[in-house]
There are 2 protein chains.
Amino acid sequence: MGAQDGRRVTSVDVAKRAGVSQSAVSRAFSRTASIAPATREKILRAAAELDYRPNRIPAIMLSGRSGMVGVVVGGLSNPFYASALEHLVCSLRDQGLQVLLVHVDDALTLDSALEQLLGYRIDAVVTALAIGSEVVAQALGTLRIPVICFNSRLTGPWISTVSSNNRAAGVTAAHLLRERGVACPAWLAGPLRNAASVARGEGFREGLGALAAGLVSLQGDDTYESGYEAVSTMLARGVRPDGMFCSNDMMACGAIDALRDRAGLCCPRDVVLLGYDNIPQGAWRAYDLTTFDQGVERLVGAACALLAEALADGAEPVSQSLVIGAELLERGSTGPV
Amino acid sequence: MGAQDGRRVTSVDVAKRAGVSQSAVSRAFSRTASIAPATREKILRAAAELDYRPNRIPAIMLSGRSGMVGVVVGGLSNPFYASALEHLVCSLRDQGLQVLLVHVDDALTLDSALEQLLGYRIDAVVTALAIGSEVVAQALGTLRIPVICFNSRLTGPWISTVSSNNRAAGVTAAHLLRERGVACPAWLAGPLRNAASVARGEGFREGLGALAAGLVSLQGDDTYESGYEAVSTMLARGVRPDGMFCSNDMMACGAIDALRDRAGLCCPRDVVLLGYDNIPQGAWRAYDLTTFDQGVERLVGAACALLAEALADGAEPVSQSLVIGAELLERGSTGPV
DNA sequence: CTTTTGATTGCATAGCTATGCAATCCAGTC
DNA sequence: GACTGGATTGCATAGCTATGCAATCAAAAG
């Protein structure tokens, strides 16, 4: 076995043992290089005996490419983001890219975290942050590497975005409520800095048409608790909507629970309610939540395609925006299908 | 600004502009090195003008340490793991360690994924996999780097584990049910390969004492659906327990929904029920689930402490096992406190 | 047998920073 | 003014692999 002394096993060690040059070892582990099958086998055998593993670090120095992508997440407590991350990690691995993960609470953390990551010469950044300040855009722009954002309205020469068709979904939600005969609609918004939420609200208002005049607007922050709170407060003030669109599923679940707990209201009997994201919990029997499925696979697939394009040799700074249609997924909370 | 031609800005470029040597630039960015304040400032200014960022890659080659930790996850759809990951990423960053994330479906993926990661010279591996085969242990053992496992019974010269006090919690759960006067207890187990689940079951059985004779044993796979299914099947067979311990919260939620849907049974009125993990959804009003809080912060903190120790200079291969006590968190599903 | 061709292999080098060591410089001391 | 000591700086090098180029070799063609 290798590591007789403390030193790591290098390609030179393998070369010695196999009786070839160091370059031959390198070629034995390369898919493209030209090498005789017999030689390769001999080398691989020697490598196995020494427990040698090719070291990618020098290759990074030479090529300037690390094969690593910085992935910036916040709020993994939302199962939608957790799922998106899971898919993303798998897709990137299939492209031969590794994920350098960063968790971010605020813009400050982001700055220092990116600074750190850049030291590792990451090839790109993918972010699912629901953050969209100019400051962030600027920070991301100066990296001079491709940046892919989910559901963001950031723009810049290196920044591409993949978004759900938030506005159209909002319209669809409104139409569904009108079909169900809703007279007094409500809208439970996410935080203002969340561009996706804003777009959903705009679409919803637009789709409501005349009904928009009496729209009840509630403010949440994308968490279950905020949905529960907002609806509780509303009910306490005596407001009783009969239809409700929630900017995400977490808040929708909170809303359903508040409606039941605080006023004995049921979905869909008393309130026709729907959310957004299609988190697993929405399908749980206690909620049976109608929602919009963003199609995580398509979303992530699109992001990876953009990434591959942006990382192609000799590519210019790319800036694209893809919109992926979200699909209405009708369940019990909006009534029998 | 930098990057006049395609080349990246290097410390040599900064040195030229600041009129110093390359080593001075290196020292300006080092916390420990000796350098005159005026010189450092001059260099930092030049660096800022050129948009220079220190490159960690050569340092990795020299030191053999990358400052990256491979984190292996599976099943991020369980919010408990998502939360653990979030905490872990933050704690590691506070230690100056980066996270190279891998998602694993099966043992096969694990092997190839680890092979990949090793090329990046990761300093250690942290895994929250509920996988514990000998094969995996062997694979992890040959890496010759510290490995930290959560809730696993893997052992080996390089492997340390941090576990929740699963067995004791099982006993506590049993005692709680007996206090509540449960006559016919049930146990909803996770997959057999999940060592934590097995330990919880053993403790539960032990704590039940005489009651263990009539124990109803159900088999799930840690998902909501499996909990729902298992309980539905049980009810269909006419079995009606009045107390239930579920190996995790996801299954517990499924069990609660099945009890209500399929037999109109409520917790705690008809069934005294508790889970494990303290996922956010357990606190949702629809479930109000009594559970064991593993203390993610403490768990992750302990793991990071072990890691720091294992990565200390000149450390021998460490193999420790820490057990963190889980705390019973009583909510409505086991009756009024 | 000679020449040509293609395949395989080895040599030498680039890539960028951290650090030991030696050189230099400055201030303080006698 | 000479000397000591400490602080600062520069020089030179190690660290490991991928790859262009030249050399070599074997086989096929003439």
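In the text below, chain A, chain B and the rest are named by the order of the sequence lines, each starting its count at 1.
Here dT17(D) presents its P atom at 14 Å from CZ of R53(A), a figure rounded to the nearest Å. The separation between E41(B) atom CD and dT9(D) atom P is 13 Å, rounded to whole Å. Between I35(A) atom CD1 and dG10(C) atom C1' there is a gap of 12 Å when expressed in whole angstrom units. Regarding I43(B), its CD1 atom lies at a distance of 13 Å from the P atom of dT17(C), rounded to whole Å. Protein atom CZ of R65(A) is 17 Å distant from nucleotide atom P of dG15(C), rounded to whole Å. When rounded to the nearest whole Å, the span between CG of L118(A) and P of dT17(C) equals 14 Å. Look at CD on Q22(A): it is 13 Å from P on dA12(C), rounded to the nearest Å. Nucleotide dG10(C) holds its P atom 15 Å from the NZ atom of K16(A), rounded to whole Å.
For dT17(C), one of the phosphate oxygens OP1 or OP2 lies less than 4.0 angstrom from a side-chain nitrogen or oxygen of Y52(B). Residue S11(B) places at least one side-chain N or O under 4.0 Å from the OP1 or OP2 atom of dT17(C). At dT8(C), one or more side-chain N or O atoms of S34(A) fall inside 4.0 Å of OP1 or OP2 (strictly under the cut-off).
Around atom CD of E41(A), no more than 12 heavy atoms belonging to other residues, nucleotides or ligands sit under 6.0 Å away.
Of the residues in residues 55-64 of chain B, those with a non-hydrogen atom less than 4.0 angstrom from any atom of DNA chain C are N55(B), P58(B), A59(B), L62(B).
To the nearest 0.5 Å, the span separating CD1 on I60(B) from CZ on R121(A) amounts to 11.0 Å. To the nearest 0.5 Å, atom CZ of residue R53(B) and atom CZ of residue R8(B) are 10.5 Å apart. One distance of note links OG of S66(B) with OH of Y120(B); it measures 11.5 Å at 0.5 Å rounding. Interatomic distance, CD1 of I148(B) versus OG1 of T127(B), reported as 11.0 Å (0.5 Å rounding).
Out of dG10(C), dG10(D), dT17(C), the shortest distance to the side chain of S23(B) is found at dG10(D). Among dG10(D), dC11(C), dT8(D), the nucleotide with an atom closest to any side-chain atom of A24(B) is dG10(D).
Looking at S26(B), its side chain has no donor and acceptor atom pair within 3.5 Å of the base of dC16(C). Side-chain to base pairing of R27(A) with dG10(C): one donor and one acceptor N or O lie within less than 3.5 Å of each other.
Within 4.0 Å of V25(B), counting heavy atoms only, lies no atom of the nucleic acid at all. T10(A) comes within 4.0 angstrom of the backbone, heavy atoms only, and of no base.
Residues V71(A) and V102(A) have side chains not in contact (no heavy-atom distance under 4.5 Å, counting atoms from C-beta outward).
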List, one per line, each side-chain donor-acceptor pair under 3.5 Å for residues 84-92 of chain B, sequence neighbours excluded.
unit_1 : atom_1 : unit_2 : atom_2 : d
E86(B) : OE1    : L76(A) : N      : 2.9
S91(B) : OG     : H87(B) : O      : 3.1

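Taking the nucleotide of DNA chain D with the nearest heavy atom to each of R121(B) and T39(B), the more 5' of the two is matched to T39(B).
Among V126(A), L322(A), T161(A), the single residue meeting the side-chain contact (heavy atoms from CB on, under 4.5 Å) criterion with L306(A) is L322(A).
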